[in-house]
Structure formats: structure tokens, C-alpha cells
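All values derive from a computational prediction rather than experimental measurement. When a ligand or atom number is given, it counts from 1 through the structure's own listing order.
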Amino acid sequence: MKIEIFEDNQKLCVAAARLFASLIRLKPDATLGLATGSTPIALYQELIRQYNEEDLDFSHLETYNLDEYVGLAPDHPQSYHCFMNEKLFKHVNLDPEYTHLPDGQSENQEEAAVAYELALQSAPLDMLLLGMGVNGHIGFNEPSDSFIASTHIVTLTQSTIEANKRFFNSADEVPRQAITMGMRAIMGARQIVLLASGSNKAESVRRMVEGPITPQLPASVLQLHPHVHLFLDEAAASLL
Ligand code: GLP
């Protein structure tokens with residue numbers, strides 16, 4: 001793992017955005033994996049700035065997001081469809097036909113998971129952006145007894161519901177299930193860029209980097225990947 005430590009979230013996001021921008025300039029038809037959460041917002045802002053001011057072209061890219069809540073309509077303000085529209089898609093020249101998120105609204109969730117998995121298998125990711133949950137989840141791969149390879153439906157842990165309730169009116173409104181990319185597509189990405197900031201991530205960052213590889217701390221599997229860049233702020237790196 002290549003670890004870089006920055007003063008704050010803004011600085012780490014600008015540095016990580018440079019990595020994405022370099023890839024996009026080198027390979028304009030790259031396939032990217034994208035993440036939601038508060039941590040990468042400034043990365044998306046930097047990419048939008050480069051689109052506006054430095055001609056960064058998104059028109060030939062294809063993107064796949066990690067996850068979506070089950071049961072939220074794409075126009076629900078807390079859906080990840082809505083997040084991606086607001087934070088990136090509507091500001092740049094991505095082709096909407098080539099931006100993909102798992103379908104959290106399908107009547108048959110298992111079918112939706114299989115469909116997303118098949119799409120991912122035909123489009124290996126050149127670069128995948130990851131955040132990390134306070135409990136060490138990546139995408140919505142929650143701590144459990146085993147790693148799950150394929151896109152799947154997951155029941156969110158209490159700790160994730162607690163962590164994500166800040167985006168909803170109350171914990172009761174947080175969906176209990178999500179559909180998430182599994183470890184096969186995550187580990188199959190050519191390069192992985194994981195961002196973590198804040199002292200509440202420090203213990204999971206330490207376990208991801210220095211602890212045993214275990215599905216109880218899903219991000220620890222990244223120790224097995226040959227090209228992982230970690231962009232941390234000082235608070236998240238404080239226990240390393
Ligand atoms: C959610 C998403 C993750 C994300 C995590 C961290 O649970 N499913 O993909 O990494 O939040 O969010 P934040 O960056 O707001 O801490």
C-alpha cells in the first residue's frame with residue numbers, strides 16, 4: 001500500500017483528484033469506480049474545477065458506483081443516485097448512459113444484484129475510488145464472517161445506521177438494507193484509491209494497514225491488492 005498523509009480532507013482530496021485526472025487524460029475511455037460519502041466530496045469538486053478550467057473531458061468515460069440503499073427512489077435526496085448527480089454528474093460532460101449505479105428499487109433485489117455483477121464483469125475498473133466506514137466497511141461490505149465476492153444485498157449494521165443517520169432526519173429513516181459491489185469487482189480494479197479522514201476512522205485505518213486480513217474489518221483485504229493508494233489526513237493516520 002502506498003500511503004500519503006495530508007493536513008486535512010481538502011488537501012488529500014485535491015491530491016487524489018490529480019491521480020484520477022491523470023488517468024482520464026491518459027485513457028479518456030477509462031472505466032472508473034465511484035464512491036459516495038462526505039469524504040470524497042472535495043475530490044469531485046476538484047474534478048469539476050478541472051473540467052471547467054482545464055478541459056478535463058469526461059465524455060468517453062464509463063463509471064460504476066459501489067452501492068445504493070435498498071428502497072430509496074433515485075430522486076430521494078439521500079439516495080446515492082441523487083448524491084452522484086448533485087456532487088458530480090450534472091456538473092461535467094459524463095454521458096448518462098455510461099454512469100451506472102446498482103438498482104436499489106427493483107422489485108427483485110437478487111436479480112438486480114446479478115444484473116449489476118454481470119455489467120461489472122464486462123467492464124473491469126481501471127481505477128476505483130473508495131471511502132471507508134467507521135467500522136472498516138468498503139462500499140457496503142459490512143464486517144461479517146466471510147468476504148462476499150459478488151454484488152449482493154446486505155443488511156446494514158447498527159454502527160453503519162448510527163454513522164449514516166446524520167444524513168437523515170432520524171436513525172429510523174436510514175434504510176436497513178443496501179445493494180453493494182462485492183469483493184471480486186473491488187479487488188479486480190487495476191488501481192484502488194482509498195480516502196479516509198477524521199479521527200473516528202483512525203482505529204479502522206490502523207487495522208486496515210497493520211492488522212490481520214479479516215472479513216471483520218473488510219478494508220483489510222486491500223492488503224492483498226498490488227496497487228492501493230491510501231490518502232489519509234493526519235487525524236485518520238494518527239494511530240499508524
Ligand atoms: C457509506 C458508503 C461508503 C462510504 C462510507 C463513508 O456507508 N456506503 O461507501 O465509504 O459511507 O462515508 P463518509 O465518507 O461520509 O465517512
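Here E142 has no heavy atoms under 4.0 Å from ligand 1, in either its backbone or its side chain. When heavy-atom distances to ligand 1 are checked against a 4.0 Å cut-off, N164 comes that close only through its side chain, counted from C-beta outward. The part of M132 lying near ligand 1 is the backbone, judged by heavy-atom distances below 4.0 Å.
Within ligand 1, counting atoms from 1 as listed, the ones closer than 4.0 Å to a heavy atom of D67 are 2 (C), 8 (N), 9 (O). For ligand 1, the atoms lying closer than 4.0 Å to a non-hydrogen atom of G131 are 10 (O). For ligand 1 and T39, the ligand atoms under 4.0 Å from any heavy atom of the residue are 13 (P), 14 (O), 16 (O).
Scanning the protein for heavy atoms near atom 16 (O) of ligand 1, the closest one is K201 NZ, 2.7 Å. Closest protein heavy atom to atom 3 (C) of ligand 1: G139 O, 3.5 Å. Nearest protein heavy-atom neighbour of atom 15 (O) of ligand 1: S38 OG, 2.6 Å. The nearest protein atom to atom 12 (O) of ligand 1, hydrogens excluded, is given as G37 CA, 3.8 Å; this is a heavy-atom distance. Protein heavy atom at the shortest distance from atom 4 (C) of ligand 1 is T36 O, 3.9 Å. At the shortest separation from atom 1 (C) of ligand 1 among protein heavy atoms lies Y80 OH, 3.4 Å. At the shortest separation from atom 5 (C) of ligand 1 among protein heavy atoms lies H137 NE2, 3.8 Å.
By the 30° and 60° cut-offs, the orientation of the rings of F168 relative to H76 is tilted.
In this structure, E54 pairs ionically with R49, as a charged nitrogen and a carboxylate oxygen lie closer than 4.0 Å.
Aromatic rings from Y69 and F167 are positioned such that their centres are separated by 6.0 Å or more.
In this structure, R166 counts as a contact residue of ligand 1, since one of its heavy atoms falls inside 4.0 Å of the ligand.
Paired with F20 under the rule side chain to side chain contact (heavy atoms under 4.5 Å, CB included), one option of L61, L32, L56 passes, and it is L32.
Between atom CZ of residue F147 and atom CE of residue M183 there is a gap of 5.5 Å, rounded to the nearest 0.5 Å.
The same ILVMFWY cluster, assembled from side-chain heavy atoms under 4.5 Å apart, contains both L230 and L66. Note on I213: it clusters hydrophobically with M208, by side-chain heavy-atom contacts below 4.5 Å among ILVMFWY residues.
Annotation for N108: atom CG counts as buried by contact number, over 12 foreign heavy atoms lying within 6.0 Å.
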Inset, instruction - Verify side-chain hydrogen bond (donor to acceptor under 3.5 Å, both in side chains) between N135 and T160, making sure each step is shown before the conclusion. - result: CA-CA 7 Å; N135 63 4; T160 294; 3.3 Å; yes
